[in-house]
Amino acid sequence: MLDNYHLNQLAEPLLAWFVDHARVLPWRERPEPYRVWVSEIMLQQTRVEAVKPYYERFLKALPDVAALAACPEDQLMKLWEGLGYYNRVRNMQKAAVTVTEEYDGVLPADYGKLLELKGIGSYTAGAIASIAYGIPVPAVDGNVLRILTRVAADDTDIMKQSFRSAVEAQLGEMMRELTVPEELRRVLRDENVPGALNQAMMELGATVCVPNGAPLCEECPWSKMCLARAQGRMMDFPVKSKAKARRIEERTVLVIRDGEKVAIRKRPKKGLLAGLYELPNLSGALSAKEVLSYVKEQQFAPLRIEKLADAKHIFSHIEWRMSGYAILVEEAGFAAEKEPESGNGRTPEEKADGEGGLIFVDAWDARERYAIPSAFSAYAGYLKKEFD
DNA sequence: AATGCGGGGTC
DNA sequence: GACCCAGCATT
């Protein structure tokens, strides 16, 4: 794709632009390996603005690899709550254990070794290697694919894995051969050319050659050599095959309350929203009668049932259409674990873990301590709200 | 090569 | 509504 370009021709104006236009971002202040790692995992399929409020909080709670490796699961999920793609943080923790055991707690300064770590693919390995260690390897993300297909007016489908690999190979070779004038190199942070170049490409994609709407070509350091612009076809690139349509699922969400306690449960270890907590919910749009039948099956004595508003939640591949019921149940010493502190000393989390059973928790505690995904936000308000 | 995996923003 | 986002793991 870039056959007609020398990287110097692209890199010099881009780096010069980046020196003046780089956003001030928390993870850019001190590009240490662990800080870069955390930022890159958070930024996967997630916008900068969405990551900001999470980043400092996460770093403060888990300031180094050892702290991440040792963090209890529920606290980890709570720190990630709302960011989505929860396997990202599970895999990062697995990798932290590996880094602790095999690399003495320091991320390896080696692209291939980074790539072997859980949750680190070619993009993230390239980002860490280049930004934290100055290694000349590319970090090809959606931004990079967009700006390069536009500047070269390349109509290859960027969803094809083979294209991404080809771009990585081509960019990698060019980066290894790249030379940057001394005066330009000196003004880059740590004189790190590979790190600056990768970040500059992403910055250009995020702020100028934007993904939605028309690109701001007047501000672009590549405008004079951009083939898409020359052809007036900026919006024709990148070419991207359509994603499969999402399926629709009907669900019935229950707010089962007993005085000040509410029933939640832990989701399975694998699959959608793995390991997070949720309000009990069932497949289908159930009637009040069917809900009462379920509640009784769970060994509760329902006193009152109230229909709640419908709600919708859109995942990338599923749409939940939810109907809700609030059920007041009689206090009883049987059924779900009502008294976490009593009994054999296991916490409700341990009892819930893997068993899929309901646990009764203090209604206020529920949102404070348990990671509950935003799919349930329409009903999370009922965790605190009283029945008239 | 295709699919599962979140949540929020923009147009 | 549709599209997109500093992707990766699994099959």
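Order of the sequence lines fixes the chain letters, A, B, ..., with proteins taken first and strands second; residue numbering starts at 1 for each chain.
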* Pairs where residues 7-28 of chain A contributes a residue and the test ring-ring contact (aromatic ring centres under 6.0 Å, His included) is met, not counting sequence neighbours -> A:W17-A:H21, A:W27-A:Y55
* **Residue pairs passing the ring-ring contact (aromatic ring centres under 6.0 Å, His included) test where at least one lies in residues 89-135 of chain A, sequence neighbours excluded** => none
Between [M] and [N], how far apart are the [atom1] atoms? Round to whole Å, please.
N     : M      : atom1 : value
B:dG9 : C:dC8  : P     : 24 Å
C:dC4 : B:dC5  : C1'   : 16 Å
B:dG6 : C:dT11 : P     : 16 Å
C:dA6 : B:dC11 : P     : 14 Å

* Closest nucleotide of DNA chain C for A:N91 versus for A:S39: which of these residues is on the 5' side? -> A:S39
* Near DNA chain C, under 4.0 Å by heavy atom, which residues of residues 146-159 of chain A? -> A:R146
* To do: Would you jot down, in residue-number order, the residues of residues 18-26 of chain A having a non-hydrogen atom under 4.0 Å from DNA chain C?
  => A:R23, A:L25
Salt bridge between [X] and [Y], side-chain N to carboxylate O under 4.0 Å?
X      : Y      : value
A:R164 : A:E168 : yes
A:R30  : A:E32  : yes
A:E182 : A:R185 : yes

Consider only side-chain N and O atoms of [X] and [Y], and report whether a donor and an acceptor are under 3.5 Å apart.
X      : Y      : value
A:T98  : A:E101 : no
A:S130 : A:N198 : yes
A:T149 : A:D154 : no

* Give A:N198 one of three labels, base, sugar-phosphate or nothing, depending on what nucleic acid heavy atoms sit under 4.0 Å from its own. => nothing
* To do: Using a 4.0 Å heavy-atom cut-off across all strands, classify A:W320 as base, sugar-phosphate, or nothing.
  => nothing
What pairs of residues pass the salt bridge (charged side-chain N to carboxylate O under 4.0 Å, His left out) test when at least one of them lies in [range], not counting sequence neighbours?
range                       : result
residues 208-228 of chain A : A:E218-A:R229
residues 78-97 of chain A   : A:E73-A:R90, A:K78-A:E81
residues 194-213 of chain A : A:R23-A:E203, A:R28-A:E203

* Tell me which residues in residues 122-140 of chain A put a heavy atom below 4.0 Å from DNA chain B, sorted by number, or none. => none
* Under 6.0 Å between ring centres, would you say that holds for A:F360 and A:F300? -> yes
* Boundaries of the DNA chain C segment in contact with chain A, non-hydrogen, under 4.0 Å -> C:dC3 to C:dT10
* All side-chain contact (heavy atoms from CB on, under 4.5 Å) counterparts of A:S165, not counting sequence neighbours -> A:Q161
* Mind checking whether A:V361 and A:V262 have side chains closer than 4.5 Å, heavy atoms only? -> yes
* Asked: What string of B, S and - do you get for nucleotides 1-11 of chain B 5' to 3' if you count protein non-hydrogen atoms under 4.0 Å?
  -> ---SBBBB-S-
* Does a sphere of radius 6.0 Å around CG in A:D20 hold more than 12 heavy atoms from other residues, nucleotides or ligands, not counting ones at 6.0 Å or beyond? -> yes
* Structure fact -> Sequence neighbours excluded, the answer for salt bridge (Lys or Arg N to Asp or Glu O under 4.0 Å) partners of A:E319 is A:R321
